[in-house]
Amino acid sequence: MTPPARSFNPQGDAPSSDQASLLAPSRSRDGRSLPATANSVMASSRGQSSYATANAPPGSFSSELRPSISRDGRLRPDFDTHAIIVGDDSNTTTEQRQAELQDQIEKETKIKIGSENLLEALNAKNAKNTRDQRQKVEEELSISNRKLAQLRLGLAAEIQRAKEVKSPPADPQSRLSYLFRRNLSRSPSRHVVQKEEEEEQETESPTFVLDNILQALEANGMTPEYYVERANSLVDLFKRHPTLKYDLAWDIFGLRMQTMLLSDSREVVAAAYRVMRYSFTDRKSLQIIRGLHTDYLVILSLVKESKASVEREQALKFVRSFLDVKGGVEEISRAVIRIIVAVAEHADDRLRNIAILTLAEILVRKPPLLVSAGGMGTLTDALGEGSYHAAESIGTSFLYLLDTPRRRKFLRSGHELEAPFAIFTDAVGIHGHMHEEKLKANAKVIATLIRSWSGLLALCMNDFLAIRSLLLSLQIPTPHVRNVLLELLFDILRIKPPSWSSSFLAGRRLTTYGRVTNLKNQSSRDSPILNAEDKTNGWNLLEHYVSVVLAIFLHAGLVPALLQAEEDPLTLPLKRKTTLLLGEVLKMANELLPSSWSASLQVLPQLLQTAAQFESEERFLAIGTIYQVDSVNRTLYRSGPTSLSTGKALIGSDNAASSRKTEQPKSQSAMQMDEGQFRALMVDTQVLNTVSFQKWRWDLIQNIIEGPLLNAKRLDEAMKATKFVHRLLGFYRPFKYRFSEVKNTKPNQRYVRAGCALMHSLLQNPEGVRYLSDSKFIRQLAECLSHFDRMSGLTSESPIFQADRMNETLTGGYFALLGALTKDPKGVQILERWRFLNMFYHVIELNDRDDLIKTLLSNMDYSLDGHLRIIISKAMTSCSKDIRIFATRLLRKYATKSMETTDCGIAEWAIKLLVTQLYDPEVEVCEVAIKILEEACNQTQSLEYVVKCRPALDHLGEIGAPLLLRFLSTSVGYHYLDGLDYITREMDDWFLGRNDTYVALIEASMARALADIPEKPQAHLSYDDNPDPPEYGIVPPHFYRELTRTKEGCKLLEQKGHFDEFVATIRDFSMENDDAETILKVKGCLWAVGNVGSMELGAPFLESSDVVKWIVKIAETSEVLSLRGTAFYVLGLISRSLHGQEILLEYGWDGVVNESGEALGFCLPLDFRKLFSIQPWAAKSDNISWKRKADVKVAITDNEPVNARILKLATDLGNTVLAKKAANDLQTIKAKKAPGFSKPVIFHKVMQILEAHHFRLPACRFVLDLFDKRVLRQIVFDEEGEEGEEEEQEDDGSDESEFESETEIDQMSTNGVSSQP
């Protein structure tokens, strides 16, 4: 796949269409031949392509690479970073092909969905008028379905193909080779020859090959291609033999690299940087490489103009790869970081983004180094300017520094995190799309900061100043600013707008939503009724975090700010959005906060006061706002359950019962319809008037099937007096090719639903059963299925159930109709009569029809004991791995049924089968079974039955651990595990190390939940009963919590004395603020104490110690901010038990309970400011300031007056006022052939000046370009002591260089800044 040609030309060097080949040293940009001397020194190219490698190399990063045009007009391909070249197609990689296929699949899926929606709309209209349109749409839909099937097959083949290639073939035409070869095409025959050569080459010793390559690099005066290809071979050798770099002869290798780095060809220099990256092993190797004077070489590469993009990019990658080596950051010099800072500040630089990212990484690894190099200001600007798209990553680096007092001192002002807020507070009167984009970017950064405990506490300093300034920005009379702020508040408070919000924001009245009143009942019917035991397994830390964020914003004045925005709405949509947010905030406050907080809010005192002022006209606006908010609030409570699983507004069984009562009379009245009404209804359906099913009214047909046909008299009339049932069943007969030829679209699923309802209704009456059993529909369906039964002897050229038909038409719906029969014993008898069950046994033995087997298994009902249960158990044990996993997932529906409310035999059967699956040879199958059993164990009876099955889980290791933990929660499970000697072993394991692992697990879960990354949509079929995606932010199972559920467990915990050990650790190290290992240990002990205290049986442990006092102290006064967060969550766990809430109240913390008095696990301090009290810090100069005064004095002094003048002027280049004059003076000195510019000593001193002060990139480039090239060669090869002959030759292009210097001087005068240490 060749990528499309795109241009990337930030500096305006030359149009992309005129760009030369990367290696075209013999031609200039306008196509004229260059002098022979230029050829011999490999004249540099103007291409913009990159050296990026075939595998992710050390220090690699993804930059926006663009293909360039070669001399013969062909595109240079842009390669993926992790390219694997498969087969003979040299121009595409398997990842690229997969990505292309995925894109095409997404595109076709969108077309398909659009067509289905259009078809649904057309079906609702008059059939005559829309027939032609409907046919066209159906044709498009069938084409889309065929394309999707082909693309999916292609993708599956491509993935399989990629799996077969275990590692990338050793192809010399790797990514770099492609970029540096003249001829990009490759014939298959040549490829075969190359493969053979490589196989021969592999037989040689890698050391011998290395010697040969290094010897080849010794040759002088060769073309750039020669050196680049040898360098590529060297990189490939290091990739194939990673241990080879440990035995490098550094004197020889280093000399070759130095020679390449001093080349005049940019490509050769870039290749040298790349080779050196792959030669890194440890810190010692970095020191050896730095000994080759690479610091100076990297600086000179980075200050070059953007047209040297290949060299600059590889130089920056070279520096970044230091970070991949342990302790490598210690070897990055301050001078190099100064230049990276200059690159990061240069707005138009192509490498700016990656330079900022590199600085952020150095900040995390070694803050003093970055601070001394003046990088903090650059990062702070990038954090708040809104144009750097990965500003969240910089925010994360700052948050890392904020966590502990020792790192916090590197943030000198303490206000760095407030930079993103400035764009909101300064936004008066600013308009435009760019400004709105910057606002949105900064809103993302603010959300990221608030989602971290460190960021939240830092922003609450100075009496919540940053939060209050954000809320005051709502008063700015600019619509797009307010809109972004409201969206930010929705995001921070994690409010998901209700389904009717879009209509409400568009201006429709709340009373017009017909379905709103029924939504709550619907949701209560759909959600299964959970047992009381469930509530202790799904505790959500995320909601506790949202509660404290909501409290902070309410404390900072959220409600008054929103009410003020209501009074000055700017636009009607903004007014509605503000009203909706206000309603959601009031609802959340009622659910998440103690009553002392929410009670005063709900009455909106500010509005009531205004509404009561009868002499003022503003009262009408206040009354209208109160009405709107009240209306929204009522609709919110009516339209669905609370946002919390354990919310205050209980959805009891009363709602479900009332909804059932309203439904029952409806169906009963339909059954009691009289004969006249029934006949009129049948005529209205058009079934009796025409055989064309497109003209039938399927909504009325569905109503008749689910209502009157359940009445025996009406059914008899429909079967015998009219042709209603006959025509309906005739529509479904396979050999009439009506239902079986209907396209498989979303709107057409109504035919399947109607068919299932018809089967159900006929089975309710003996006459209906007899009619169905003797009908041609069942007989023909049996014949169609027999074509796939090898024992039947029947075959067909085009069977109904072939794969393409199953995909494109509703043929698969026949299994749904058969599934409807399996729900009733009479239906199963019909299937037995026509040998369906025999055929099912044979179908699941088919090796090449997984789609047919999945459709069959997923549509059957296994509630009745019989052959179907044997069929699924056979599929779970003898079919392919995919089918076994699929069949195991299907049991989830049955295994998680309550043993109290249903026939317990169903759940017992499913659990038995799942326990059998634990011994499957494939670990993936076992993992699925474990997850379903774990979910089933939420119910005590199911848990006891699983224990009764005595599953052996030792062979599964970590996968089976969560299930074994669940066993501890009952006495039966405790004694079973005690007999296996599991409890004491596991207890010691947790005490000695697993507690610390638990900290990492729960913090990662919280970080993932707060990051709010959308789940990737899984490409599975709709009937695949996958478990729900993992919920992040839920408290994972903890050994000590499960142990404390039983009296036996509490007794063992007391005997072992582990709880007392945890309390002692918390007491002794509660104020630790530096040692990471001790902090981790304290966090582990906090989580253990919290999990024990969350159980009612764990209350005596809290009573017997003063641990709660110490946890409160940590939450309110600890200097480690993340430890404060852990203590806050742990207090929430303790408040889960009512006994824990009583203890917390003694220490000034108030818990939240629901209407029935149950604890919800949210708590806040009565004195709210205590939680956010942070001592302001002062930046210390220790380890930050660089003792550079003496160095600078040496650098700017010289015995020779001209040289001293040069050094003084070089220093002045960093001063905005003096920069232009200094540049002119330096240019004058250079024109007079001053000897200082050819002396290595002066070069060293200038480098010291660049390291000591802050300079813009053009200033650095200008001063370094003044020196002769020979100076660098003398320094690199340590020839500084030798006096070279000073032969100065007049250059014809002196005028041109003078012109360029003038341009640089002008640029510096606009970009220069004052020197700063």
Side-chain angles (χ1 to χ4, degrees), residues 1-6 77-78 80 84 86-87 89 91-124 130-163 694 739-753 798 800-816 848-855 858 882 886 1014-1026 1029:
M1 177 186 74
T2 305
R6 294 172 295 177
D78 182 10
D80 189 63
I84 299 176
V86 181
D89 184 1
N91 285 333
T92 57
T93 63
T94 183
E95 281 84 359
Q96 287 172 325
R97 287 195 290 271
Q98 285 180 36
E100 189 182 45
L101 287 167
Q102 289 279 18
D103 289 343
Q104 290 177 2
I105 286 172
E106 284 178 18
K107 200 178 291 181
E108 283 300 329
T109 306
K110 286 176 183 172
I111 293 171
K112 179 185 173 185
I113 291 169
S115 303
E116 286 176 346
N117 292 339
L118 181 57
L119 199 58
E120 197 166 357
L122 291 173
N123 283 334
T130 60
R131 183 184 300 165
D132 295 338
Q133 284 179 301
R134 199 164 54 243
Q135 283 178 352
K136 285 181 183 177
V137 175
E138 284 179 348
E139 283 173 15
E140 283 295 325
L141 204 51
S142 63
I143 291 168
S144 285
N145 283 326
R146 276 198 296 275
K147 276 189 182 177
L148 273 172
Q150 288 170 0
L151 288 168
R152 281 177 181 143
L153 284 171
L155 183 60
E158 194 58 57
I159 292 169
Q160 186 59 36
R161 200 171 163 195
K163 284 180 184 173
Q694 290 97 341
F739 175 77
S740 59
E741 289 297 313
V742 174
K743 299 300 176 189
N744 184 12
T745 63
K746 191 177 175 183
N748 288 345
Q749 294 301 317
R750 59 183 176 167
Y751 301 133
V752 180
R753 289 193 293 272
S798 58
I800 287 281
F801 294 115
Q802 61 191 18
D804 57 341
R805 274 191 162 180
M806 292 276 287
N807 283 329
E808 293 178 16
T809 66
L810 288 183
T811 306
Y814 281 121
F815 287 99
D848 56 343
R849 288 304 306 275
D850 279 7
D851 61 319
L852 191 63
I853 298 171
K854 285 182 178 181
T855 311
S858 62
D882 284 347
F886 180 83
E1015 285 286 335
K1016 287 184 181 176
Q1018 294 185 349
H1020 59 76
L1021 298 170
S1022 57
Y1023 49 71
D1024 186 348
D1025 194 13
N1026 270 326

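Along the sequence shown, residues are numbered consecutively beginning with 1.
At a threshold of 4.5 Å between non-hydrogen side-chain atoms, the residues Leu810 and Gln749 count as touching.
Under the salt bridge (charged side-chain N to carboxylate O under 4.0 Å, His left out) criterion, Glu139 pairs with no residue at all, not counting sequence neighbours. Applying the side chain to side chain donor-acceptor pair (under 3.5 Å) test to Ser740 and every residue at least two apart in sequence or in another chain returns nothing. By the side chain to side chain contact (heavy atoms under 4.5 Å, CB included) test, Ala803 pairs with Arg849, Asp851, sequence neighbours left out. With sequence neighbours excluded, no residue satisfies salt bridge (charged side-chain N to carboxylate O under 4.0 Å, His left out) with Glu138. Residues passing the ring-ring contact (aromatic ring centres under 6.0 Å, His included) test with Phe801, sequence neighbours excluded: Phe815.
Distance check: Arg805 CZ to Asn744 CG gives 13.5 Å after rounding to the nearest 0.5 Å. Atoms OG1 and CE, from Thr855 and Met806 in turn, are 3.5 Å apart once rounded to the nearest 0.5 Å. Within the model, atoms CG of Leu151 and CG of Asp103 stand 11.0 Å from one another, a figure rounded to the nearest 0.5 Å.
Exactly one residue among Val752, Asn748, Thr811 makes a side-chain contact (heavy atoms from CB on, under 4.5 Å) with Phe739. That residue is Val752.
Although no hydrogens or angles enter the test, the distance criterion places a donor-acceptor pair under 3.5 Å between the side chain of Asn145 and the main chain of Leu141.
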Only distances under 3.5 Å count here; give the side-chain donor-acceptor pairs of residues 104-111 to other protein atoms, sequence neighbours excluded, each with its distance to 0.1 Å.
| unit_1 | atom_1 | unit_2 | atom_2 | d |
| --- | --- | --- | --- | --- |
| Glu108 | OE1 | Ser144 | OG | 3.4 |
| Thr109 | OG1 | Ile105 | O | 2.6 |

